[in-house]
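These notes concern the structure reproduced below.
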Amino acid sequence: MPQLELGGVTVDFPFTPYKCQEDYMAKVLECLQKGVNGVLESPTGTGKTLCLLCATLAWRQHFKDSITARKIQERMHGAEMFPDRPTADWGSGESGGQSSAYYSDIPKIIYASRTHSQLAQVISELKQTKYRPKVSVLGSREQLCIHPDVKKQENNHVKVHMCRSKVSTRSCHYYNNVEEKSTERDLTTPILDIEDLVKSGTKHRACPYYLSRNLKQQADIIFMPYNYLLDSKERMCEESASFDLTPYDLASGIDALDLVIKELTDNLEQKHISAEFNMEAPSSGPDEMWIKG
């Protein structure tokens, strides 16, 4: 695969990039190195996905190599450990303007898209690159639950309630296997999308929903829909159509209902009295008038 030097970072690309792709990746790297936000636009079909993936993963690897280089220099007191590859080639040891960065400072990459089908396409493109980061893709119980009793429920709220109940009582053997299976190589090493995760979880009898959340702790890159970023509880649609009621709101509502019921009752009683009064009134003759009080 071709290698490019962009902004001091070596980027592996699946094929020789076009000029617009080089420019795009250079801007991505510039934003990452300066620690600023970027709004980048490119026409459909110009390979934005590959550019984003390769540029960010290359920068992350460069960041990690720079920390490694600094640590080697510190231990070797400036001497070169590998004569054929000086540590200077690994990076300056000062990534992102941090002269004392540590491995714990290496950031995770979050790739967000509108739908999981779009994310599946992104992951498919990642598999075509040289990069093999640790991956986690987040989804809902609707997509990831494999428990037969929970899975067959049509209402999503029922699914969530049933799942939480089984997890809290440790009565879901798929959930109980998650911790043990989280270290399996065919779950942690390959790049898995939602469909792959469900297949692997079914094979190992381990819950894909909770596996994905375990895997994200060690992931280099996390794939998720936009709404997972906007709502930490992952219930954006539910919350946007809901509201909170305070005890005062409830008490006021009860008082209002009491008033309405009282008014309706009074009106019905008044109509009943009027009807009885009219029935008891004597018929008026031609020479007399009945005045209703």
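Numbers for residues simply follow the sequence, beginning at 1. Because the structure is predicted, anything quoted here is derived from the model rather than measured.
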Counting neighbours of [atom1] on [X] that are heavy atoms of other residues, nucleotides or ligands and sit closer than 6.0 Å, is the number greater than 12?
| X | atom1 | result |
| --- | --- | --- |
| Glu5 | CD | yes |
| Lys203 | NZ | no |
| Gln218 | CD | no |
| Glu179 | CD | no |
| Gln3 | CD | yes |
| Lys127 | NZ | yes |
| Glu184 | CD | yes |
| Lys108 | NZ | yes |

Looking only at non-hydrogen atoms, find the nearest pair between [X] and [Y] and report the distance.
| X | Y | value |
| --- | --- | --- |
| Pro225 | Leu119 | N-CD1, 3.8 Å |
| Cys172 | His147 | SG-CD2, 3.6 Å |
| Lys48 | Ser42 | NZ-O, 3.1 Å |
| Gln217 | Arg213 | NE2-O, 3.5 Å |
| Met25 | Cys54 | SD-CB, 4.4 Å |
| Gln33 | Gly7 | NE2-O, 2.9 Å |

Taking [X] for the side chain and [Y] for the main chain, is one N or O donor matched with an acceptor at less than 3.5 Å?
| X | Y | answer |
| --- | --- | --- |
| Glu30 | Ala26 | no |
| Lys216 | Val135 | no |
| Asn177 | Arg205 | yes |
| Tyr24 | Leu52 | no |
| Arg70 | Ser66 | no |
| Ser136 | Ser212 | yes |
| Thr56 | Leu53 | yes |
| Thr68 | Lys64 | yes |
| Gln21 | Tyr18 | yes |
| Thr46 | Pro43 | yes |

Joint hydrophobic cluster, [X] plus [Y], side-chain heavy atoms closer than 4.5 Å:
| X | Y | answer |
| --- | --- | --- |
| Val167 | Leu215 | yes |
| Val158 | Tyr174 | no |
| Leu250 | Val260 | no |
| Ile109 | Phe13 | yes |
| Leu32 | Tyr131 | yes |

Heavy-atom side-chain contact between [X] and [Y] under 4.5 Å:
| X | Y | value |
| --- | --- | --- |
| Asp196 | Asp193 | yes |
| Leu50 | Thr129 | yes |
| Thr188 | Ser182 | no |
| Pro208 | Ile146 | yes |

Look at the rings of Tyr175 and Tyr210 and say which category their plane angle falls in: under 30° parallel, 30 to 60° tilted, over 60° perpendicular.
-> perpendicular

SB check [X] [Y] (cutoff 4.0 Å):
| X | Y | answer |
| --- | --- | --- |
| Asp266 | Lys262 | yes |
| Asp220 | Arg60 | yes |
| Asp23 | Lys19 | yes |

[atom1]-[atom2] distance between [X] and [Y], expressed to the nearest 0.5 angstrom:
| X | Y | atom1 | atom2 | answer |
| --- | --- | --- | --- | --- |
| Leu144 | Tyr209 | CG | OH | 8.5 Å |
| Leu126 | Ile191 | CG | CD1 | 4.0 Å |
| Ile221 | Ile110 | CD1 | CD1 | 9.5 Å |
| Phe223 | Leu138 | CZ | CG | 11.0 Å |
| Lys27 | Glu22 | NZ | CD | 14.0 Å |
| His173 | Lys166 | NE2 | NZ | 9.5 Å |

Say whether [X] and [Y], considering side chains only, have a donor N or O and an acceptor N or O under 3.5 Å apart.
| X | Y | result |
| --- | --- | --- |
| His204 | Asp186 | yes |
| Gln121 | Thr49 | no |
| Asn176 | Arg170 | yes |
| Gln61 | Asp65 | yes |

Pair Tyr226-Tyr228, ring pair (Phe, Tyr, Trp, His ring centres under 6.0 Å): steps then yes or no | CA-CA 5 Å; Tyr226 287 130; Tyr228 282 30; over 10 Å; no

Go through Val28 and Cys51 one step at a time and tell me if the side chain to side chain contact (heavy atoms under 4.5 Å, CB included) criterion holds.
-> CA-CA 8 Å; Val28 172; Cys51 290; 6.0 Å; no

Could you check His116 against Met224 for side chain to side chain contact (heavy atoms under 4.5 Å, CB included), going step by step and ending with a plain yes or no?
-> CA-CA 8 Å; His116 276 97; Met224 65 177 72; over 6 Å; no

Please assess Leu192 against Lys199 for the test side chain to side chain contact (heavy atoms under 4.5 Å, CB included), listing each intermediate value before the final yes or no.
-> CA-CA 10 Å; Leu192 305 177; Lys199 288 180 180 177; over 6 Å; no

